[in-house]
Amino acid sequence: TVAVAADKAVLDENITTYLMKVAIIQEWLVTVGGSDKVVKAIADVFPDADIYTLVAKKEVCDELGINWNKVHTSFIQKMPLGTKKHRAYLPLFPFAIEQFDLRGYDVIISSSHCVAKGVLTKADQLHICYCHSPIRYVWDMYNEYLEESNLTKGLKSWLVRYLLHRIRKWDMLSSFRVDHYISNSDYVGQRIKETYRRESTTIHPNIDISNFEYYGQKEDFYLASSRLVAYKKIDIIIEAFNRMPEKKLVVIGGGPNLKKYQEMAKENVTVMGYQPFNVLKEKMQKAKAFVFAADEDFGMIPIEAEACGTPVIAYGHGGSLETVSDGETGLFFHEQTPESIIEAVKHFESLGEAPFSYEKCRKWAESFSEERFKKEIKEFVETKYKEFKNPNR
């Protein structure tokens, strides 16, 4: 009798999990980026889930493989240039995200780096937030954002500062609407704790490395690649190699600082600008090492380089501490300065012609697979839902 009762309890729990109705919340679906791929993976785990987002493009959803009929957008979608210039509507984001009617759902999963976690839920709904970062331009990168946008002084600066102040207050208030946080890295988990005073569980995001094939024949050049904006610190990588004229550097990426970086580069540094994927992949496969100087929340591109069998020389802070295995798939430098990069490159070359196993780099990258992510997300959501429905067990 006891055994039958226990089996029935397990069966009831499994049925409850199977029947739970899920809503997925995302800020926007207008480009194919890392957070968008996370949403697609979560939707694969819960294929009947509806997706709510401020704005979305059908062609992007089609490219991601997201069912357009499952996508619900906010009133910003219908505003002038709503999908093309959605960031201009930042002051409306908190209000817009709160307008979604999520009654009838059992579980809300928000994928948030801005306002998605601020959706309104009821006491009988479980809200799990996969947090890519607390809003960086209102918290830890506030001053960098103002500098990069030329908003450090003047009337416009004070208007923007006041707006960000209001969003900061709303962000803190809305952080308590979440029942459980998942961080995309331990680094972000620490920032969640410092910003929101909440604990989190780290589940690294899914990295699709299937298009980055292993290649074991390296050539005599280093590679750096990212969007060419100030906080990525591509300028200090270029300056480091300007001072090492005997070493070659290739830089790939577009952005507002492209012309500036091309002008500062000496003959041994080639700043190619934006390049199609096949060119980026070829350079990534053949580079003797990938150089990464940004302080990222997680940072996908070092893993993509490692998937090609290419070791990484990275700034030893933030997400890089989790995406690069020091001494196994690369090494770290500890200051964002040209001098620190020069020292790291010289140390890398002092270790021999092939100081790191290219095969180990590939194997390390495979540990960030999409299958692993889906398994961990499924287990986390189902466990928390069972605890939520049966709090006394």
Side-chain angles (χ1 to χ4, degrees), residues 32-34 37-38 41 184-185 204-228 232-234 237-238 240-241 247-254 269-294 296-316 318-333 341 344-345 347-349 351-373:
V32 180
K37 292 176 181 178
V38 164
N184 71 350
S185 66
H204 290 130
N206 49 305
I207 310 297
D208 182 7
I209 62 172
S210 60
N211 292 320
F212 293 88
E213 297 87 3
Y214 169 80
Y215 190 81
Q217 303 300 315
K218 306 303 177 184
E219 298 181 4
D220 189 22
F221 70 91
Y222 294 84
L223 176 68
S225 178
S226 77
R227 181 163 167 75
L228 303 184
K232 297 289 188 178
K233 302 295 183 182
I234 293 293
I237 300 176
I238 294 173
F241 279 84
K247 304 185 193 307
K248 295 179 182 178
L249 172 70
V250 173
V251 177
I252 294 178
V269 177
T270 304
V271 182
M272 299 178 68
Y274 171 80
Q275 296 295 315
F277 174 73
N278 63 314
V279 174
L280 171 63
K281 181 173 73 171
E282 180 186 4
K283 295 295 184 185
M284 196 173 278
Q285 289 174 323
K286 294 181 179 180
K288 65 194 304 182
F290 186 87
V291 186
F292 188 73
E296 290 281 20
D297 300 322
F298 178 70
M300 296 171 60
I301 199 163
I303 297 171
E304 292 170 345
E306 290 163 332
C308 296
T310 301
V312 180
I313 301 172
Y315 175 48
S320 295
L321 296 174
E322 298 166 59
T323 59
V324 179
S325 178
D326 190 23
E328 295 291 329
T329 69
L331 54 83
F332 295 126
F333 55 93
I341 293 173
V345 170
H347 176 53
F348 176 85
E349 296 199 346
L351 297 175
E353 186 175 341
F356 301 101
S357 166
Y358 303 147
E359 291 84 358
K360 278 187 179 180
C361 291
R362 173 69 190 191
K363 188 173 181 180
W364 170 262
E366 289 172 351
S367 68
F368 294 89
S369 71
E370 187 154 315
E371 292 73 19
R372 181 269 323 160
F373 173 79

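One is the number of the first residue; the rest follow in order along the sequence.
Contact of the Val279 side chain with the Met272 side chain is registered, since non-hydrogen atoms from C-beta on lie closer than 4.5 Å. Considering only heavy atoms from C-beta on, Glu306 stays 4.5 Å or farther from Phe212 through its side chain.
With Lys283 contributing its side chain and Tyr222 its backbone, the two residues share no donor-acceptor pair below 3.5 Å. Side chain of Asp297 to main chain of Asn184: no donor-acceptor pair is present (N/O by atom type, distance under 3.5 Å, no hydrogens or angles). At distances below 3.5 Å, at least one donor-acceptor pair connects side-chain atoms of Gln285 with backbone N or O atoms of Glu213.
Between atom CG of residue Leu223 and atom OG1 of residue Thr310 there is a gap of 8.0 Å, rounded to the nearest 0.5 Å. A distance of 5.5 Å separates CZ of Phe356 from CG of Leu351, quoted to the nearest 0.5 Å. From Asp208, atom CG reaches atom CD of Glu370 across 6.0 Å, with rounding to the nearest 0.5 Å. To the nearest 0.5 Å, atom CZ of residue Phe332 and atom CD1 of residue Ile313 are 11.5 Å apart. Here the NZ atom belonging to Lys218 is positioned 13.0 Å from the CD atom belonging to Glu353, to the nearest 0.5 angstrom. Here SG of Cys308 is found 10.0 Å from CG of Asn211. Values are rounded to the nearest 0.5 Å.
Considering all non-hydrogen atoms of both residues, Ser185 and Phe298 come closest at CB-CD1, 4.1 Å. Between Lys37 and Val32 the shortest heavy-atom distance is CE-CG1, 3.7 Å. Nearest heavy atom pair, residue Ala294 against residue Ser320, reads O-OG, 4.4 Å. Of all the heavy atoms in Phe368 and Thr323, the pair that sits closest is CZ-CA, 4.2 Å. The two residues Ile303 and Ala365 make their nearest non-hydrogen contact at O-CB, 3.6 Å.
A salt bridge does not link Glu219 with Lys248: every distance from a Lys NZ or Arg NE/NH1/NH2 to an Asp or Glu carboxylate oxygen is 4.0 Å or more.
No more than 12 heavy atoms of other residues, nucleotides or ligands lie within 6.0 Å of NZ in Lys363, so this atom counts as exposed by the packing criterion. The environment of Lys247 atom NZ is dense: over 12 non-hydrogen atoms of other residues, nucleotides or ligands sit within 6.0 angstrom. Applying the 6.0 Å contact sphere to CG of Asp220 captures no more than 12 heavy atoms from other residues, nucleotides or ligands.
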Q: Report the C-alpha distance between Leu249 and Thr270 in whole Å, list the side-chain angles of each, state the deciding distance to 0.1 Å, and finish with yes or no for side chain to side chain contact (heavy atoms under 4.5 Å, CB included).
A: CA-CA 6 Å; Leu249 172 70; Thr270 304; over 6 Å; no
(Q) Determine whether Met284 and Ile301 satisfy the following criterion, side chain to side chain contact (heavy atoms under 4.5 Å, CB included), listing intermediate values before the conclusion. (A) CA-CA 10 Å; Met284 196 173 278; Ile301 199 163; 3.8 Å; yes
Q. Going through the checks in order, is the side chain to side chain contact (heavy atoms under 4.5 Å, CB included) test met by His204 and Phe373?
A. CA-CA 7 Å; His204 290 130; Phe373 173 79; over 6 Å; no
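When each of Phe292, Tyr315, Phe348 is tested with Phe333 by the rule side chain to side chain contact (heavy atoms under 4.5 Å, CB included), just one qualifies, namely Tyr315. With Tyr214 as reference, Glu359 is the one residue of Glu359, Glu366, Arg362 to meet the side chain to side chain donor-acceptor pair (under 3.5 Å) rule. For the side chain to side chain contact (heavy atoms under 4.5 Å, CB included) criterion with Val291, the lone passing option out of Ile237, Val251, Val312 is Ile237.
A cation-pi arrangement is absent between Lys281 and Tyr215, since the terminal nitrogen or guanidinium carbon is not both under 6.0 Å from the aromatic centre and inside a 45° cone about the axis.
Between the side chains of Lys360 and Thr329, no donor N or O sits under 3.5 Å from an acceptor N or O.
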